[in-house]
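Everything on this sheet refers to the single structure shown next.
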Amino acid sequence: MFPKYDVIVVGAGHAGCEAAVAAANMGSKVLLATMNMNTIAQMSCNPAMGGVAKGQIVREIDALGGYSGIVTDHTMVQFRMLNRSKGPAMWSPRAQSDRMLFANKWRMMLEAHPNVDFWQEMITGIVVKDGRAVGVHTGMGLEIESHSVVLTNGTFLNGLIHIGEKQFGGGRAGEKAAKGITEQLVQLGFESGRMKTGTPPRVDGRTLNWDRMEIQAGDEAPSQFSYTDTPKLKKQLPCHITYTSPKVHDLLKEGFDRSPMFNGRIQGLGPRYCPSIEDKINRFAGRDRHQLFVEPEGWETCEIYVNGFSSSLPEDVQYKALKEVPGFENMKMFRPGYAIEYDFFQPTQLRPSLETRLVKNLFFAGQINGTTGYEEAASQGLIAGMNAHLAIHEEEPFILKRSEAYIGVLVDDLVNKGTKEPYRMFTSRAEYRILLRQDNADLRLTPLAQKVGVQGMEDRMTRVNEKEQAATDIEKFFAKLSVTPDQLNGYLETLGSSKLKQQVKLHGILLRPHVKIEGLRTALPVVDEFLSKYTQETLELAEINMKYEGYIKKEQEMVDKMNRLEAVRLSDNFDYAQLKSLSSEATEKLSKLQPRTIGQASRISGVSPADISVLLVHMGR
């Protein structure tokens, strides 16, 4: 009935979709198994992609040949570049998406791929022979063979939904939980745990008083996520902002005695940086209001997502409290918020390729690894899918360094440190964030994707080469062009910047605070004429390269030093107990995690600089 697949991907959420595409784009024949074909790439929580650090990840996925950025560009209803008032390392693209169009576009793109097949059924276990994953078992008793398996089960592994005192099994509202896989993995020796996430109520936008809320419009000149030719957003839907109040908080507190979070029924740890509304008013008791973002679910629907009001309180408590929020006085609720508990597996049980240490050719990606967020999941799916293909061809795994991508930071953090709570990416987690900007993800990663064998990268590489050359040409122009006081003092005076006293190179002027390329184009016709042939994206890249040249150079020097440690390989299954000078904690951690390089060893919790020195001496360094 089935051919033998190269890769079987279990679960068709954001991680599963990217894993399927990644393996397929490497040339593998892929089966994407899901319990419901109608919920492929479902936005289970907020209808948005990107955000702080997450937007950088989406652009990195795109640069590596993934589809998340393309799908977002085709289906977004609003685009904003966050943190524009800060330095470019902090600029983060974010888009509101049409929930239904997003899932539909993903499915259409998957169905159009000749290397992707589908099967709708619950997967209840993995076929393991001689310590290697060689297929899956289904709920109907079928056995489907493959050379590798990628698990992307999301919140479905023994999922348990909580609303007040009610609890029922499910991986998402209206969908059943997945049984069997956790139990099998535990028998194989894997360590499992429980985590929790939540979602807010959805309400009827026709019943809201929009005049009582602040409007939050998209950017005047919306950008895109993908580096390919995706549609430009011509019209946008607004979001709105409103606030809770002491009265709202008092009404919510009335339900605390029936809250599964406070009465001990929820055992899993929830996300620190996206807490429920009851958690917020409990932890931040001194605050008399919390911000809520009122977000549209799509172009044609009146369904509204109340971002910031995630809750597992009883539905009547949620309803009464929400009615006291400005603009929600006549609100009708479509469905209440809820919390969901699910199984995950400590990611320290994985190699940096996201292959499990215990079973060869078995890969984990997404919330099964303890992360939260579509973007974090999608990026892991991409890495797992690529490495599933490489593993069955016995090729070196594709591993991104911390200095190469936010995705590299994410995976490195997970496999070396593990996580006790749902892991979320932030710019602060990346020590080389001036290098890892959203504007240069294609320059950083597309050459790596082509080199490792991702198909169809020729056009992308042409764009990368043209963009890189164009930025270089602009920088050379600024370095050569001299300007006089007469040409520029009028413009500098409007900025409150000191006037020129002699002829100088234009590059030096651009380094001044508040001086922008666009301003110089207005002030100097010769500059405008030269720059008119370049895209806004290229101008932005060149401007950042010039303004932050010193910082970029300094950070690159730090990377070069760290890469010397990354170049020192450690042998697999090395007996660290023989090195008597190592601390006992380092011996235990290094033996368990078996790092590939000295650099990776240095980032393991509990391994000190002194321990690294011992390793270097042993390696003859």
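For this chain, numbers begin at 1 and follow the sequence in order. Quick note: numbers below take in every heavy atom, side chains included, and nothing from hydrogens, waters or symmetry partners. What you are looking at is a predicted structure, and each value in this text was computed from that prediction instead of being measured.
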Measuring from atom [atom1] of [X] to atom [atom2] of [Y], what distance do you get when rounded to the nearest 0.5 angstrom?
| X | Y | atom1 | atom2 | result |
| --- | --- | --- | --- | --- |
| Ser379 | Ile57 | OG | CD1 | 5.0 Å |
| Ile40 | Phe102 | CD1 | CZ | 12.5 Å |
| Asp442 | Met461 | CG | CE | 9.5 Å |
| Tyr491 | Thr522 | OH | OG1 | 7.5 Å |
| Gln367 | Glu376 | CD | CD | 9.5 Å |
| Lys105 | Ile70 | NZ | CD1 | 8.5 Å |

* Matching residue for Glu543 among Thr538, Ile517, Val515, Asp439 - test: side chain to side chain contact (heavy atoms under 4.5 Å, CB included) ->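 Going through Thr538, Ile517, Val515, Asp439 one by one, the side chain to side chain contact (heavy atoms under 4.5 Å, CB included) with Glu543 is satisfied by Ile517 alone.
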Is the charged tip of [X] near the ring of [Y]: under 6.0 Å from the six-membered ring centre and within 45° of its axis?
| X | Y | result |
| --- | --- | --- |
| Arg59 | Tyr227 | yes |
| Arg351 | Phe363 | no |
| Arg84 | Trp91 | yes |

Side chains of [X] and [Y], heavy atoms from C-beta outward: is any pair under 4.5 Å?
| X | Y | result |
| --- | --- | --- |
| Leu539 | Tyr534 | yes |
| Leu506 | Val483 | yes |
| Leu237 | Gln96 | no |
| Pro347 | Phe364 | no |
| Leu362 | Glu355 | no |
| Met26 | Gln455 | no |
| Ile509 | Leu492 | yes |
| Ile368 | Thr152 | no |

* Asked: Taking atom types as modelled, is there a side-chain donor on Thr597 or Arg569 under 3.5 Å from an acceptor on the other?
  ->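 Per modelled atom types, Thr597 and Arg569 side chains form no pair under 3.5 Å.
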* Can a donor-acceptor pair be found between the side chains of Thr472 and Glu475 at a distance below 3.5 Å? ->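 On atom types as modelled, these side chains do not qualify, holding no pair under 3.5 Å.
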Which atom names give the shortest non-hydrogen contact between [X] and [Y], and what distance separates them?
| X | Y | answer |
| --- | --- | --- |
| Arg94 | Asn307 | NH2-ND2, 4.0 Å |
| Lys417 | Thr348 | C-CG2, 3.9 Å |
| Tyr406 | Ala430 | CE2-CB, 3.7 Å |
| Ser226 | Asp62 | OG-OD1, 2.8 Å |
| Glu18 | Leu382 | CB-N, 3.9 Å |
| Val30 | Ala23 | CG2-CB, 3.7 Å |

* To do: Apply the test salt bridge (charged side-chain N to carboxylate O under 4.0 Å, His left out) to residues Arg596 and Glu396: give CA-CA distance (whole Å), side-chain angles for both, the deciding distance (0.1 Å), then the verdict.
  => CA-CA 12 Å; Arg596 296 175 77 246; Glu396 277 290 301; 3.5 Å; yes
* Apply ring-ring contact (aromatic ring centres under 6.0 Å, His included) to the pair Phe478 and His507, showing each step before the final yes or no. => CA-CA 5 Å; Phe478 272 72; His507 180 276; 7.8 Å; no
Can we say [X] and [Y] salt-bridge, meaning some charged N sits less than 4.0 Å from an Asp/Glu carboxylate O?
| X | Y | result |
| --- | --- | --- |
| Lys467 | Glu537 | yes |
| Arg107 | Glu111 | yes |
| Asp412 | Arg402 | yes |
| Glu466 | Arg463 | no |

* Start with the C-alpha gap between Cys239 and Phe293, add the side-chain angles, then the distance that decides, and say whether side-chain contact (heavy atoms from CB on, under 4.5 Å) holds. => CA-CA 7 Å; Cys239 296; Phe293 295 93; 6.0 Å; no
* To do: Decide if the gap between the ring center of Tyr67 and the ring center of His74 is smaller than 6.0 angstrom.
  =>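 No, too far apart.
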* Does Lys533 NZ have over 12 foreign heavy atoms under 6.0 Å away? ->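 Yes.
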* Using a cut-off of 6.0 Å, state whether more than 12 heavy atoms not belonging to Lys232 lie near its atom NZ. =>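 Counting neighbours around NZ of Lys232, 12 or fewer heavy atoms of other residues, nucleotides or ligands fall under 6.0 Å, so no.
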* Would you confirm whether Asn387, through its side chain, and Ser353, through its main-chain N or O, come within 3.5 Å as a donor-acceptor pair? =>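 Checked: pair present.
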* Please step through side chain to side chain donor-acceptor pair (under 3.5 Å) for the pair Asn46 and Glu295, ending with a clear verdict. => CA-CA 8 Å; Asn46 62 320; Glu295 301 175 340; 4.9 Å; no
* When you look at Arg603 and Glu566, which way does the salt bridge (charged side-chain N to carboxylate O under 4.0 Å, His left out) test go after all the steps? -> CA-CA 11 Å; Arg603 295 187 295 276; Glu566 298 293 349; 2.6 Å; yes
* Just one of Glu404, Glu60, Glu468 clears the salt bridge (Lys or Arg N to Asp or Glu O under 4.0 Å) bar with Arg444, so which one? ->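 Looking at Glu404, Glu60, Glu468, the match for Arg444 under the salt bridge (Lys or Arg N to Asp or Glu O under 4.0 Å) is Glu60.
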* Would you check, one step at a time, whether the test side chain to side chain donor-acceptor pair (under 3.5 Å) holds for Ser44 with Arg172? => CA-CA 7 Å; Ser44 308; Arg172 191 161 46 207; 2.7 Å; yes
* Starting from the C-alpha separation in whole Å, work towards a yes-or-no answer on side-chain contact (heavy atoms from CB on, under 4.5 Å) for Phe118 and Leu110. => CA-CA 9 Å; Phe118 303 86; Leu110 286 165; 3.7 Å; yes
